[in-house]
Amino acid sequence: MAIPTWKLILEKALEQLNQGGKDGTEAEWLSFFDMVVPVDVHLLQKGLTAFGAGLLEQKGAPKQTLDERILFEFGRGVLKGIQKLEQNRATRQRQRDRIAQLPPVTSVAKLRKLSPEDFEYWTAAYFERFGFKKVTVTTFSADFGVDVHMTCPNGKKAVVQCKNKVRSSKPVGSPVVQQTYGAMKLLDAEMCYVATTGIFSEKAKELDKRADIALLDGAFLVSGQRPSGSRKRRVIGSL
């Protein structure tokens with residue numbers, strides 16, 4: 001039996017997503033995103049990083065390893081998937097239950113002890129404390145690197161990529177920021193955040209000077225300081 005190509009998987013996924021599914025269940029449409037194998041996710045991330053880098057350099061989007069139409073079409077599908085997550089009551093209840101089970105975090109050392117998945121839920125709770133709405137942890141593999149999707153207090157849509165550095169002390173570099181920025185554009189958002197339990201490279205920090213990019217390192221996250229886009233400072237407490 002022949003292995004489906006990237007384009008065939010994409011076309012089938014988009015067709016099903018556009019149809020919406022008879023009962024609207026989460027498993028029905030998320031299964032198509034899970035068809036995307038790791039090698040395809042790598043290609044997607046590579047193309048997305050180049051796309052974001054081109055936008056940040058104001059040279060326009062360069063030609064991608066993946067066809068640009070595929071990138072935009074898949075972004076449309078990802079956004080539709082995220083919107084379904086936001087509207088699914090069972091999914092949101094599972095998210096609340098997962099957050100409630102997280103251990104107290106009062107230091108960077110404890111933050112780094114969280115699993116990558118737990119760090120995503122912790123980050124979701126962090127933004128909720130500062131007035132962000134519809135904070136949703138994405139749960140499918142080919143998600144453009146977007147781990148959290150939300151609405152800022154001012155109404156702007158925002159995306160977050162979470163990088164747990166539990167297994168590495170290497171700083172988060174500019175390619176991660178470029179990828180998140182590209183995802184922001186493709187998902188019709190206006191603000192992107194990169195949250196990490198570690199630190200950022202100097203090149204990444206240069207991108208943090210933009211109004212639509214915010215980099216949150218481990219020390220910042222546990223300090224109780226508010227992220228860009230929030231209305232006012234609130235104490236994080238036991239998060």
Side-chain angles (χ1 to χ4, degrees), residues 82 85-86 91-139 143 145-154 156-177 179-181 183-184 189 191-239:
I82 290 173
L85 279 178
E86 292 175 344
T91 298
R92 297 199 64 78
Q93 184 59 53
R94 283 195 295 273
Q95 178 171 308
R96 287 192 289 269
D97 293 343
R98 183 66 178 268
I99 289 174
Q101 294 171 3
L102 293 175
V105 172
T106 56
S107 66
V108 175
K110 290 184 177 181
L111 190 67
R112 291 186 177 184
K113 289 183 179 180
L114 296 176
S115 69
E117 191 174 49
D118 279 348
F119 179 53
E120 293 174 8
Y121 285 92
W122 187 94
T123 301
Y126 167 84
F127 280 104
E128 285 184 334
R129 289 291 184 94
F130 285 100
F132 289 76
K133 305 297 182 182
K134 295 184 179 180
V135 182
T136 305
V137 178
T138 63
T139 56
D143 56 8
V146 172
D147 299 305
V148 180
H149 187 272
M150 60 195 182
T151 301
C152 300
N154 62 8
K156 292 182 178 181
K157 299 294 183 181
V159 298
V160 187
Q161 180 163 186
C162 301
K163 302 298 290 186
N164 187 307
K165 304 299 289 184
V166 65
R167 296 186 181 90
S168 172
S169 59
K170 185 178 179 181
V172 176
S174 56
V176 172
V177 184
Q179 179 188 340
T180 311
Y181 188 82
M184 176 192 79
M191 184 72 190
C192 71
Y193 299 84
V194 179
T196 179
T197 58
I199 60 176
F200 293 95
S201 70
E202 292 304 315
K203 287 187 177 180
K205 291 178 182 178
E206 285 296 313
L207 297 175
D208 191 27
K209 296 176 181 179
R210 294 180 58 96
D212 52 2
I213 294 176
L215 307 184
L216 313 177
D217 61 21
F220 185 94
L221 289 170
V222 300
S223 70
Q225 297 181 70
R226 67 180 180 86
S228 299
S230 55
R231 285 178 178 160
K232 59 183 179 180
R233 177 173 178 167
R234 293 186 186 179
V235 177
I236 301 303
S238 62
L239 279 179

Peer 1: Closest heavy-atom contact between Gly198 and Asp217?
Peer 2: O-CB, 3.2 Å

Peer 1: Among Lys134, His149, Lys133, whose side chain to side chain donor-acceptor pair (under 3.5 Å) with Glu86 holds?
Peer 2: His149

Peer 1: Can you find a side-chain donor-acceptor pair between Arg96 and Gln93 that sits under 3.5 Å?
Peer 2: yes

Peer 1: Nearest 0.5 Å, please: how far is CD in Gln225 from CZ in Phe220?
Peer 2: 4.5 Å

Peer 1: Among residues at least two apart in sequence or on other chains, which ones pass ring pair (Phe, Tyr, Trp, His ring centres under 6.0 Å) with Phe127?
Peer 2: Phe132, Tyr193

Peer 1: Any Lys/Arg nitrogen of Glu206 or Lys203 sitting under 4.0 Å from an Asp/Glu carboxylate oxygen of the other?
Peer 2: no

Peer 1: Please check if the side chain of Asp147 supplies one atom and the backbone of Glu120 the other of a donor-acceptor pair under 3.5 Å.
Peer 2: no

Peer 1: If you compare all heavy atoms of Ala214 against all heavy atoms of Met191, which two are closest, and at what distance to 0.1 Å?
Peer 2: CB-CE, 3.7 Å

Peer 1: From Ile213 CD1 over to Ser228 OG, what is the distance, rounded to the nearest 0.5 angstrom?
Peer 2: 11.0 Å

Peer 1: Quick check for you: to the nearest 0.5 Å, what is the distance between Asp208 atom CG and Glu202 atom CD?
Peer 2: 11.0 Å

Peer 1: Are the side chain of Asn164 and the backbone N or O of Leu114 linked by a donor-acceptor pair below 3.5 Å?
Peer 2: yes

Peer 1: Of all the heavy-atom pairs spanning Ala204 and Ser174, show the shortest one and how long it is.
Peer 2: CB-N, 3.9 Å

Peer 1: Report yes or no: does Ser201 contribute a side-chain atom to a donor-acceptor pair with the main-chain N or O of Pro171 at less than 3.5 Å?
Peer 2: no

Peer 1: For Lys113, does the NZ atom have more than 12 heavy-atom neighbours from other residues, nucleotides or ligands under 6.0 Å away?
Peer 2: no

Peer 1: Looking at every heavy atom in both Gln95 and Val137, which two are closest together, and how far apart are they?
Peer 2: OE1-N, 2.9 Å

Peer 1: Less than 4.5 Å apart, any side-chain heavy atom of Tyr181 and any of Leu207?
Peer 2: no

Peer 1: Please round to the nearest 0.5 Å and tell me the distance separating atom CH2 of Trp122 and atom CG of Leu221.
Peer 2: 5.0 Å

Peer 1: Which pair of non-hydrogen atoms, one from Val159 and one from Ala189, has the smallest distance, and what is that distance?
Peer 2: CG1-CB, 4.1 Å

Peer 1: To the closest 0.5 Å, what do you measure between CD1 (Ile199) and CG (Leu215)?
Peer 2: 12.0 Å

Peer 1: First locate atom CD of Gln161, then atom CE of Met184, and finally report the distance between them rounded to the nearest 0.5 Å.
Peer 2: 13.5 Å

Peer 1: Looking only at heavy atoms, what is the nearest atom pair of Arg112 and Thr197, with distance?
Peer 2: NE-O, 3.0 Å

Peer 1: Could you please spell out the steps behind the side-chain contact (heavy atoms from CB on, under 4.5 Å) verdict for Thr123 and Val160?
Peer 2: CA-CA 9 Å; Thr123 301; Val160 187; 4.1 Å; yes

Peer 1: Side-chain donor-acceptor pair under 3.5 Å between Gln101 and Asp97, yes or no?
Peer 2: no

